Amino acid sequence: MPIITINGKRFEVAKGTRIIDFATDQEIAARLNGRLVDLATVVEEDCEVELISFSSDEGKEVYWHSTAHLLAHAVKELFPEVKLAIGPPIAEGFYYDFDFKRPFTDEDLVLIQERMYEIKNRNLPIERLVMKRPVAIELFRKLGEIYKVELLEEIEEPEVTLYKQGDFIDLCRGPHLPSTGKIGSFKLLSVAGAYWRGDESRPMLSRIYGISFPTAEELDRFLVMREEARNRDHRVLGPRLGIFRMFEEAGPGLVVWLPNGMVIRRLIEEYWIEEHKKAGYRFILSPHIGRACLWQKSGHLDYYRENMFIFPYGEEEYVIKPMNCPFHLLVYKSETRSYRDLPLRLAELGTVYRDERSGVLHGLLRVKGFTQDDAHIFCTKEQVVDEVTGVVELALRFLKCYGFERYRVDLSVRDPHHKERYLGDDQIWEMAESGLIEALNRLDLKYREAPGEAVFYGPKIDIHAYDALGRSHQLTTVQFDFNLPHRFGAVYINRAGESEEVVMIHRAIYGSIERFIGILIEHYGGDFPLWLAPVQVAILPVSRNQAQYGRRILSRLRRSNLRVFLDLRNERLNYRIRDAETRKIPYMLIIGDREQKEKKVSVRKRKEGDLGSMPIKEFLRRIRDEIKKKA
RNA sequence: GCUGGCGUAGCUCAAUGGUAGAGCAGCGCAUUCGUAAUGCGCAGGUUAGCGGUUCAAGUCCGCUCGCCAGCUCCA
């Protein structure tokens, strides 16, 4: 009799026992000897089984995948002429792509969702079928499912698996839930176009997105979170808080910074400059335009002409710079460099312009003009690990300061099957990749290796930060560049007096200031910490009688270098409190006769309320401390 | 760039093909107020732009611009 070890406990079972006999209601799939399988799987021999529930990532995948099938099932019942493409789980939920003669409308979504609940309630068993590949091809051909046939024709295994629930059948690796009734609460969220297999030249399909959870409460919580994300949208908050605006008249993808935004931007840049000074960087500033031949030399013109702003100038062409690097190389090359000069760290808050395809623009997160917090480190091979370590350390210090508690590190290396697509020989790639890895190890950082994600001119480390809502944003990037030093002939004189090609590391911490502030607005939900808040304190006299006292406090705080607003408007106190609150001002000082008499201020904190009254000195101490801690 | 959706006052939103309207914000007046919206009044519009259909277009059609959800792209 087979011995089955379930979640570490051993059982002796009769042949033909199914895993589901050991599962509770929460469990939806299993890992059998390391492989994900259906609960209906029959145990034939000794094995190790781990039961999987929705709470794990794998569980969610299975759950959402089954919901995607339920969606396709409902669509097929309502619109039999629809052809099925693919329907995988994604990071949050699932989608299914359909080929339909017209796009789906919101009304369709309502109908489809209703039908999904109906099918769920039929509680159809979800069955796994194993079939010879040609048999499956024949089956789908008969069904008219041309996309499935195309997929099948590319599969190499002789046998394929299909999943069937009622009359609905789909090509699928699985596993799935045991029956449609196991799917709890779900909601279809949106429709959008998507190319078949992500290829612009292939047909455009209709994609329906959805999400599902075991319970209605979890679904509600998800929808509330989605609503919260919507409330934090930097494209709404930015203009409302006077941070930035974009104008149709000014052109798409171009940002105009408003006074409040400039306060934030300056502080972020000043902090960046301070930290970089401490880390041994030197600063330069390069022009916004330059001769096209410079970009010809760098290779950018050949690769990215479509995305560059180019204009004629006399007999030649000029470009608006899309990158700072060529200028930095000119600076590097402007003197004969000795190994004693290295590492040379040249930093620049360089504003660049790229002509992005119209459909990709998105608030501050993707714009046509932006400022990179750029730097290029020129060093020797021996210095690589130290330099990379320094950059990553610096980056993590910044992340922490802005309250990004969680982050993910990606190491992007060559696609091992297509080494010919990359510039530079194996030796230099190995030096660079091992340098990056050694730096990460030195910092004891876990990382995810991403083969094929490297840029053609070198490997890189990317740091993705998770914001307050758990969404990830790529910020820091550390890239090797084997292309530019070579093209520009950037060398140094080594100890032996020979000229040697310098190693160039390109890096940005924030990435782009625009994008970073967009992320910050959403991360903080507009509630910028005191050190960044455009207005830090609002002084609210209860009535006109305290106007004089208010002015005295105003000048006192201003002298302490605080950003203060004295609200003498002819409005009730409640109105002005509400106004300061919606403008996200961190502190309100409410002053009435009592405070005036006692030479105190009554302190109210944003979102927290009344903190009671205290002498101004005490208040000042308190907020100076808070500013210093950048809390 | 592609697919689909959208575009009315600074903002949020109304208006069967038949006189463009409300709340908030703004301005004025009254009120001088103790921890999230005081009352009254005034002003605010080439309905994104251009063209067409119609006796009549915010509404129907076409083109352009912009925005949104995705896809593709992101040095």
Side-chain angles (χ1 to χ4, degrees), chain A residues 95 97 100 102-106 189-209 230 233 235-236 239-240 245-253 295 298-308 321-326 352 354-363 365-368 370 372 374 455-458 460 474 477 479 481 483-484 506 508 511-512 515 540-547 568-583 588-595 602-613:
Chain A
Y95 67 78
D97 284 346
F100 192 29
R102 60 170 178 85
F104 293 106
T105 63
D106 289 347
L189 299 172
S190 61
V191 206
Y195 301 107
W196 169 233
R197 316 197 93 176
D199 184 339
E200 283 186 85
S201 64
R202 307 296 300 268
M204 178 66 77
L205 308 170
S206 281
R207 173 172 295 179
I208 298 179
Y209 285 89
R230 216 167 266 164
D233 192 329
R235 293 167 299 184
V236 179
R240 189 158 76 70
R245 277 208 69 145
M246 298 171 95
F247 298 90
E248 187 173 341
E249 300 91 320
W295 304 94
S298 71
H300 290 106
L301 209 49
D302 290 335
Y303 272 96
Y304 299 106
R305 186 171 252 281
E306 288 305 297
N307 293 310
M308 287 169 65
K321 74 169 166 182
M323 285 221 90
N324 307 302
C325 350
V352 299
R354 299 177 183 179
D355 190 8
E356 303 286 0
R357 294 169 87 178
S358 63
V360 306
L361 301 174
H362 183 91
L365 301 187
R366 190 82 181 267
V367 289
K368 287 192 181 178
F370 57 98
Q372 293 182 312
D374 208 0
V455 202
F456 71 91
Y457 53 73
K460 59 173 179 168
Q474 199 218 297
T477 185
Q479 311 183 343
D481 193 330
N483 178 41
L484 292 178
H506 172 116
S512 108
R515 187 182 141 74
L540 311 180
V542 172
S543 78
R544 272 285 149 83
N545 300 332
Q546 298 85 30
L568 286 175
R569 285 179 301 173
N570 181 16
E571 294 288 351
R572 293 178 61 196
L573 178 62
N574 275 352
Y575 177 92
R576 287 172 292 148
I577 287 175
R578 185 188 151 80
D579 190 57
E581 202 71 59
T582 57
R583 285 161 57 190
M588 287 162 243
L589 297 183
I590 290 149
I591 52 175
D593 284 334
R594 276 204 301 280
E595 286 75 14
S602 174
V603 180
R604 185 191 160 102
K605 195 166 184 188
R606 169 182 66 191
K607 293 178 104 173
E608 286 176 28
D610 197 355
L611 299 184
S613 65

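All of these numbers come straight from a predicted model, not from anything done at the bench.
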Heavy atoms under 4.0 Å, any strand shown: does [X] hit a base, just sugar-phosphate, or nothing?
X      : answer
A:I590 : base
A:D610 : base
A:E595 : base
A:Y457 : sugar-phosphate
A:E571 : base
A:V360 : base
A:D199 : nothing
A:G609 : nothing
A:Y95  : nothing

Of the candidate nucleotides [options], which contains the atom at the shortest distance from the side chain of [X]?
X      : options                : value
A:L573 : B:rA37, B:rA75, B:rU35 : B:rU35
A:R604 : B:rU38, B:rU35, B:rG70 : B:rU35
A:Y209 : B:rA75, B:rA37, B:rG70 : B:rG70

Spacing of [X] atom [atom1] relative to [N] atom [atom2], expressed in whole Å:
X      : N      : atom1 : atom2 : value
A:N307 : B:rU72 : CG    : P     : 17 Å
A:D579 : B:rA36 : CG    : C1'   : 10 Å
A:R583 : B:rA36 : CZ    : P     : 17 Å
A:F370 : B:rC74 : CZ    : P     : 13 Å
A:H300 : B:rC74 : NE2   : P     : 13 Å
A:K607 : B:rU35 : NZ    : P     : 22 Å
A:I577 : B:rG34 : CD1   : P     : 10 Å
A:R366 : B:rC73 : CZ    : C1'   : 6 Å

Measuring to OP1 and OP2 of [N], would you say a side-chain N or O of [X] lies under 4.0 angstrom away?
X      : N      : answer
A:R207 : B:rG70 : no
A:Y575 : B:rA25 : yes
A:N545 : B:rU32 : no
A:H362 : B:rG70 : no
A:R357 : B:rC71 : no

Check: A:P322 main-chain N/O paired with A:R354 side-chain donor or acceptor under 3.5 Å: yes

Using the [atom1] atom on both, measure [N] against [M] and round to a whole Å.
N      : M      : atom1 : value
B:rU12 : B:rU72 : C1'   : 34 Å
B:rA9  : B:rG41 : P     : 24 Å
B:rC68 : B:rG26 : C1'   : 29 Å
B:rG17 : B:rU59 : C1'   : 7 Å
B:rC61 : B:rG5  : P     : 11 Å
B:rG51 : B:rC42 : P     : 36 Å
B:rG58 : B:rA15 : P     : 15 Å
B:rA20 : B:rG44 : C1'   : 13 Å

Residue met sooner reading RNA chain B from 5', once A:S206 and A:V455 are mapped to nucleotides: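 Its nucleotide being nearer the 5' end, the pick is A:S206.
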
A:A194 vs A:F456, nearer the 5' end of RNA chain B by closest nucleotide: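 By nearest-heavy-atom nucleotide position, the 5'-most residue is A:A194.
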
Using both distances under 3.5 Å as the test, list the Watson-Crick or G-U wobble partner of [N], or none.
N      : value
B:rA9  : none
B:rU47 : none
B:rC33 : none
B:rG41 : B:rC27
B:rG58 : none
B:rU16 : none

Heavy-atom closest pair, residues A:I208 and A:F104: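 Closest heavy-atom pair between A:I208 and A:F104: CD1-CD1, 3.8 Å.
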
Closest approach of A:Q474 to A:R515 (non-hydrogen atoms, all atoms of both residues): O-NH2, 2.8 Å

For the side chain of [X] and the base of [N], is some donor closer than 3.5 Å to an acceptor across the two?
X      : N      : result
A:S602 : B:rU35 : yes
A:Y195 : B:rG1  : yes
A:R576 : B:rA37 : no

Could you state the interatomic distance from [atom1] ([X]) to [atom2] ([Y]), rounded to the nearest 0.5 Å?
X      : Y      : atom1 : atom2 : answer
A:D355 : A:R305 : CG    : CZ    : 12.5 Å
A:L540 : A:I591 : CG    : CD1   : 8.5 Å
A:N324 : A:Q372 : CG    : CD    : 5.5 Å
A:R594 : A:S602 : CZ    : OG    : 7.5 Å

Assess whether a salt bridge exists between [X] and [Y], defined as any Lys/Arg side-chain N lying under 4.0 Å from an Asp/Glu carboxylate O.
X      : Y      : result
A:D610 : A:R604 : no
A:R606 : A:E581 : no
A:D233 : A:R235 : yes

ring centroid sep under 5.5 Å plus plane angle under 30, A:Y304 with B:rA75: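 So A:Y304 counts as stacking on the base.
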
Donor-acceptor pair between A:N307 and A:E356 side chains, under 3.5 angstrom: no

Test item: side-chain donor near acceptor, A:Y195 and A:R197, under 3.5 Å: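 Note: A:Y195 and A:R197 side chains miss the donor-acceptor criterion.
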
Close N or O pairs between protein and nucleotides 58-67 of chain B (under 3.5 Å):
{"unit_1": "B:rG66", "atom_1": "O4'", "unit_2": "A:E248", "atom_2": "OE2", "d": "3.3"}

